[in-house]
Structure formats: structure tokens, C-alpha cells
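Worth saying up front: this structure is predicted, and the values here are computed from it rather than measured. Just follow the structure's listing: the first ligand is 1, and inside any ligand the first atom is 1.
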Amino acid sequence: MLEKLLLATTNKGKIREIESIFRGSGIELILPEKSIEVEEDGKTFLENAYKKAKAYYEVYKIPTLAEDSGLVVPILDGYPGIYSSRFYSIEWGGIEEVEDTKDRANIKKLLRLMAGKEDRRAYFITFAVVYMGDVGIWAQGICKGYILYEARGEGGFGYDPIFQPEGYERSMAELKEEEKNAISHRGRAMRNLIELLKRLK
Ligand code: ITT
């Protein structure tokens, strides 16, 4: 089994969650000393995750874990989707000014586009890739839920304040980190990935 993986992400929320999910797995995560600019121009989450993992692997030469994730809202034709991190800045749905943070601008745009919509179903999705040169593996995780009418809670990151997971009366940002990791797209994808890594000799 692999003992060390480079974690290729610049998103602090992701780092915190992935480190906690991997605790006790027997796999040590290493953070890169410097971030590498990767253009996320793939047409799918998997393609973007692969691009990120490969770019870091080529510099650091150690097995690398990267993930691409996002929020999919079927009634909005699947947007924010692969554009989740920069949804505020794309022309589809109108550009949203950043007043404080990009996360807030993304939320503001999504709530604006969801105004008056009754079908509020949505899901978070993560594609996680481990790239190690001639061999690579990937895993997926999904978390189904609904878009709320206003932001609630301070935890998590990104769209968490406006996402209510199925079966919960709280937003994702109102869950404790362990609660989020137990049901989240990222938690599921990473646990699936750890199972695959355990099968590697
Ligand atoms: P890296 O590419 O460096 O990993 P990033 O933030 O650009 O970081 P993505 O391209 O995968 O990552 O974009 C994911 C975006 O989707 C993220 O910025 C959030 O807006 C949203 N997102 C992903 N997972 C989320 C979660 O668990 N809770 C809330 N929002 C999430």
C-alpha cells in the first residue's frame, strides 16, 4: 500500500477536511511547498482532477492526490457544476461583483438564480484522482440535498451555508466537521479511494 500521498489543492477547506478523513488510514498526506497554477479547462470533474494531480506529480515525482468537486443544480442545467469555484465570474446567469469573498459572491448569484424556483434539488460531487505516472486510480462521491432560501451557519466552506443535505434540518455549514465528513461527497469519495489504495501492493 502507498504510505505517502502529496495533496494537490490550494483550497484550505478541502485540506482541512481531507486531512481529517485520512486520519487513521495509514496514509500520510504531504502538502506541497508551493502551489502550481493549473488551468481547470476540462469538460468534466474527472478531467480537471486528473490535470491537477498530473501537474503536481510532474514537479514533485511522488504519488499525488487531487480532487475536483462542485455543486450541481439540475434546474439550472447543472450549473454551477465544473464552474463552481468561479461561478460568480462566468457570463452564464450574469456576472456577480465580489463584495467580500468569492464564496459569498457565488452564493449570492446562486440564490438570485434560484429565486422563485420550487424544485431546489441539488447535489455535491467529488472526483478524486491519485496519479502516479504509469498507473492511476479514481473514485467518486455524491451528497444529495436541497438549496436553501438563505445562508445559514459558519462551518465548512463554499456553498455549505445554502445546502441542506437530504435527511437533515440543518445546512451543511451548521454540521460539525465530523458530521459533514460522514455524509459529504468528499468524505465518500476519499473513503472509496482509500479502499482502492489498500488493494495496491
Ligand atoms: P483546488 O482546485 O486547488 O483543489 P478549488 O477551490 O479551485 O481548489 P474546485 O475547482 O474543485 O476547487 O472547486 C470546487 C468549488 O466547489 C469550491 O470552490 C466550492 O465553491 C465548491 N465546493 C466543493 N466542495 C464543497 C463543499 O464541500 N462545500 C461547499 N462547497 C464546495
Check this for me - ligand 1, [X], N or O atoms closer than 3.5 angstrom, yes or no?
X	value
T9	yes
T10	yes
E40	yes

[X] neighbourhood, listing ligand 1 atoms whose heavy-atom distance to it stays under 4.0 Å:
X	result
G70	16 (O)
H185	24 (N), 25 (C), 26 (C), 27 (O)
D68	9 (P), 10 (O), 11 (O)
R186	23 (C), 24 (N), 25 (C), 26 (C), 27 (O)
S85	7 (O), 10 (O), 13 (O), 15 (C), 18 (O)
K52	1 (P), 2 (O), 4 (O), 9 (P), 10 (O), 11 (O)
F124	25 (C), 28 (N), 29 (C), 30 (N), 31 (C)
N11	3 (O), 6 (O), 8 (O), 18 (O)

Could you check, using the six-membered ring where one of them is a Trp, whether Y50 and Y131 have ring centers closer than 6.0 angstrom?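 Close enough - the centres of the two rings lie under 6.0 Å apart.
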
Residue and atom name of the nearest protein heavy atom (relative to [atom]), distance in Å to one decimal:
atom	result
atom 20 (O) of ligand 1	Y159 CE1, 3.3 Å
atom 11 (O) of ligand 1	K14 NZ, 2.8 Å
atom 14 (C) of ligand 1	S69 O, 3.1 Å
atom 27 (O) of ligand 1	K180 NZ, 2.8 Å
atom 28 (N) of ligand 1	D160 OD1, 2.6 Å
atom 29 (C) of ligand 1	F157 O, 2.9 Å
atom 16 (O) of ligand 1	S84 CB, 3.3 Å

Within the 3.5 Å criterion, strictly below it, is a donor on S20 or N181 matched to an acceptor on the partner's side chain?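 Note: S20 and N181 side chains meet the donor-acceptor criterion.
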
Cationic tip of R120 within the cone over Y149's six-membered ring, i.e. under 6.0 Å and within 45° of the normal?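 Yes, R120 sits over the ring of Y149.
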
Over-ring placement of K109 relative to F87, 6.0 Å and 45° cut-offs: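 Output yes; distance and angle both within limits.
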
Mind checking whether M172 contacts ligand 1 via backbone (N, CA, C, O), side chain (CB onward), both or neither, at a 4.0 Å heavy-atom cut-off?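 Neither part.
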
Using heavy atoms and a threshold below 4.0 Å, how should the contact between F87 and ligand 1 be classified: side chain, backbone, both, or neither?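 No part of F87 is near ligand 1 at this cut-off.
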
Assess [X] for proximity to ligand 1: is some non-hydrogen atom of it under 4.0 Å away?
X	value
L71	no
K102	no
S184	no

Between E99 and R104, is there a side-chain N and carboxylate O pair less than 4.0 Å apart?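 Salt bridge flag = no for R104 with E99.
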
Does R186 pair with E67 as a salt bridge, N-O distance under 4.0 Å?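 So R186 pairs with E67 through a salt bridge.
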
Of the non-hydrogen atoms in [X] and [Y], which two are nearest, and what is the gap between them?
X	Y	result
P161	L148	O-CD1, 3.7 Å
I82	K43	CD1-O, 3.8 Å
A8	T64	CB-CG2, 3.6 Å
L113	K117	O-NZ, 3.6 Å

Can you tell me how the ring of F124 sits relative to the ring of H185, calling it parallel under 30°, perpendicular over 60° and tilted otherwise?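 Plane angle under 30°, so parallel.
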
Return the CG to CD distance between L7 and E28, rounded to the nearest 0.5 Å.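 Atom-to-atom, L7:CG and E28:CD are 12.0 Å apart.
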
